[in-house]
Amino acid sequence: MPKAKDPIIIAEDVHKWFGHFHALRGISLTVHRGEVVVICGPSGSGKSTFIRTINRLEEHQRGRIVVDGIELTNDLKNIEAIRREIGMVFQQFNLFPHLTVLQNITLAPIWVRKMKRSEAERIAMELLERVGIPEQAHKYPGQLSGGQQQRVAIARALAMQPKIMLFDEPTSALDPEMIKEVLDVMRELARSGMTMIVVTHEMGFAREVADRIVFFDEGRLVEEAPPDEFFSNPKHERTKLFLSQILQH
Amino acid sequence: MADVPAETRTKPYGGEVLPPPTVRVGPLRWLRENLFSSWWNSALTVGALALLYVVGKGVLTWAVTEANWAVIPASLKLLLVGFYPEEELGRVWAVLYGTVVLLGLSAGLWGGLLREAAVLLGAGVGVLLGGLLLAGWGERGLLGGLLLLLLGGAVVGGWLRARAPVLLLRWGKRVVGGGWLLLPIGAVLLLRGVPGGELWAEVPVARWGGLLLTFSLAVVSIVLCFPLGVLLALGRQSSLPVIRWTCIVYIEIVRGVPLVTVLFMASLMLPLFLPSGWEINKVLRAIAAFTLFTAAYVAENVRGGLQSVPKGQIEAAQALGLGPVLTTLLVVLPQALRAVIPANVGQFIALFKDTSLVFIVPLLDFLGIALDVLENPKWGGPAREMLLFVALVYWFFTYFMSHMSRKLERALGVGER
């Protein structure tokens, strides 16, 4: 599906160090509105660190990141404005264990968007319908299965009506049987036109849903290509090695 | 992970879902399994029983035949309120009645923890009533009144909850909630009176004593030291060096000083520093000392709780656009404070018992009055009866606190991960 070229995330020469460790070594990536970008690569290659710089959970030390026309600086107002536009889903779900599912989803709309409680709850129930678990609204996260928790986490992020969704290995902590239910929700979300950046090892999902696949290694962006080309005709030796290992087990 | 997705719940395997087998354990079997499972265990059981018999028999014989319990009812008024003027005692009863009615109503309206608290306190009053056979009818009547009001409140509250229309119920809850908010102010006004007032003559706080004083000190100090401790704990984690270091220095200094020293400072040194003519009354000074002292310990407890909240929780809150203040208030503190309920209640129990150190100030609290009464040659020196009674009363209230904290933990633990 051809997408209008309308960049929503622009990263230019992004560097990040953890102590002496050079985790990101000059990443440049532009994501367009409505595009689904899958980032893959071996562990420790900086993929998670990179998407965490986009909503400033990690601070980049060199380079430039612009999200929806706002540049990420140390200005807290800027950061909060950008975070309101970006939803994020974590590997470990990170639901708030002291709040019910419904309260988890309505918390930010009520306190950050100043939405009325009844309105926020109506939207939350719609989102729970969408991710397929409206009957769990009044339970606590600890009472749900991993797959259900991750779907609640997606609903919680969507409740802020973000323009961009970041997924940081959303299925890595799940039992095999539960991976599909989460990927199904993500597929539906991609079809609805959401701009998404997904860090994942699910190559089937990447092949089916991604508009572009980006390969990271040792803090560098090694290769980027549409899925067909990426899987059938990888250009870089490191990419070939990675694909041969991940597709042959 | 209790809930299984619907699609896996109805698998077409046939077969029934069976309840777990019920195992009935008879008393004999229980005895054998728990007390006589080996010859060593049997020997321990027999030995423990023998010890219990010897000690129990001695104590019981003493309590029934030798002990002279008359000292307690005879000095009950002193023990409970100290030198509070006799003719103004009605005001103390009024505060008690007010509290009890509110507690009863809340127990009925909300149930749960409040009902638990009401039952425990009611049982305590009941035991006191039963034990005071020697007291005058007037006191027993007044105590009985407490029980009746507690019960009456509970019945009315329960009726409101079960039968009353929603609107009435809502108003009932509002009125009772407002009552709780007004209670402390009302209690202080009523107990202390208004200087120069005609209806409620002033009763200087210096004349309060006994259990009334112990209670006032403990309740006010606990209520004040908790928020102060939370603020100190948050301040200790602040990114602003001035705030962080102020909090660290404060906490470390206070924790390095014995409570007795703090009380001495408050009672002896403070007046020296204040300009002449200025005077802060003794009770306030003691409250300040207890509050400032315990806050440092609460702060360290809360810090432990703050550090136990996983980083992912904060990141999730930030990713949703919550600022630092909202993240702390809505996500971090609720989890941190729940984790440290046991530690904090332990601190409050210690504070409750430490109020007996106010003899330094000097003030006569519950224990102080008891010791004072024993000075009276009429009772022939130190009396075990009195000390036992004092110990029982302290035990009752500290048990009440720890019991309620356990219930609170369980009530809040619903969503435990």
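In what follows, every chain begins at residue 1, and chains take the letters A, B, ... in the order their sequences are listed.
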* Asked: Do other residues, nucleotides or ligands put more than 12 heavy atoms under 6.0 Å from Arg170(B) CZ?
  -> no
* **More than 12 heavy atoms of other groups within 6.0 Å of Lys180(A) NZ** => no
* Asked: Do Phe96(A) and Leu320(B) come within less than 4.5 Å of each other through their side chains, counting heavy atoms only?
  -> yes
* **Donor-acceptor under 3.5 Å (His98(A) side chain, Leu330(B) main chain)** => yes
* Asked: Highest number of heavy-atom pairs under 4.5 Å with chain B: which of Leu107(A), Ile86(A), Val89(A), Thr100(A)?
  -> Leu107(A)
* Structure fact -> Turns out that what part of Ile82(A) lies under 4.5 Å from chain B's heavy atoms comes down to neither
* To do: Please report the closest heavy-atom contact between Gln318(B) and Arg83(A), naming both atoms and the distance.
  => O-CD, 3.0 Å
* Contacting region of Leu166(A) [heavy-atom separation from chain B under 4.5 Å] -> neither
* If you draw a 6.0 Å radius around CH2 in Trp17(A), do more than 12 non-hydrogen atoms from other residues or ligands fall strictly inside? -> yes
* Might you confirm whether atom CH2 of Trp245(B) has over 12 heavy atoms from other residues, nucleotides or ligands at distances under 6.0 Å? => no
* Residue-level contacts of residues 37-59 of chain A with chain B, using a heavy-atom cutoff under 4.5 Å -> Arg52(A), Asn55(A), Leu57(A)
* Asked: Do you know the tightest heavy-atom contact between Ala319(B) and Phe90(A)?
  -> CB-CZ, 4.1 Å
* To do: Answer yes or no: are there more than 12 heavy-atom neighbours, outside Arg174(B) itself, under 6.0 Å from its atom CZ?
  => yes
* Asked: If every non-hydrogen atom of Gly321(B) is compared with every non-hydrogen atom of Glu80(A), which pair is closest and at what distance?
  -> O-CG, 4.4 Å
* **Closest contact, heavy atoms only, Asn94(A) versus Gly312(B)** => ND2-O, 3.2 Å
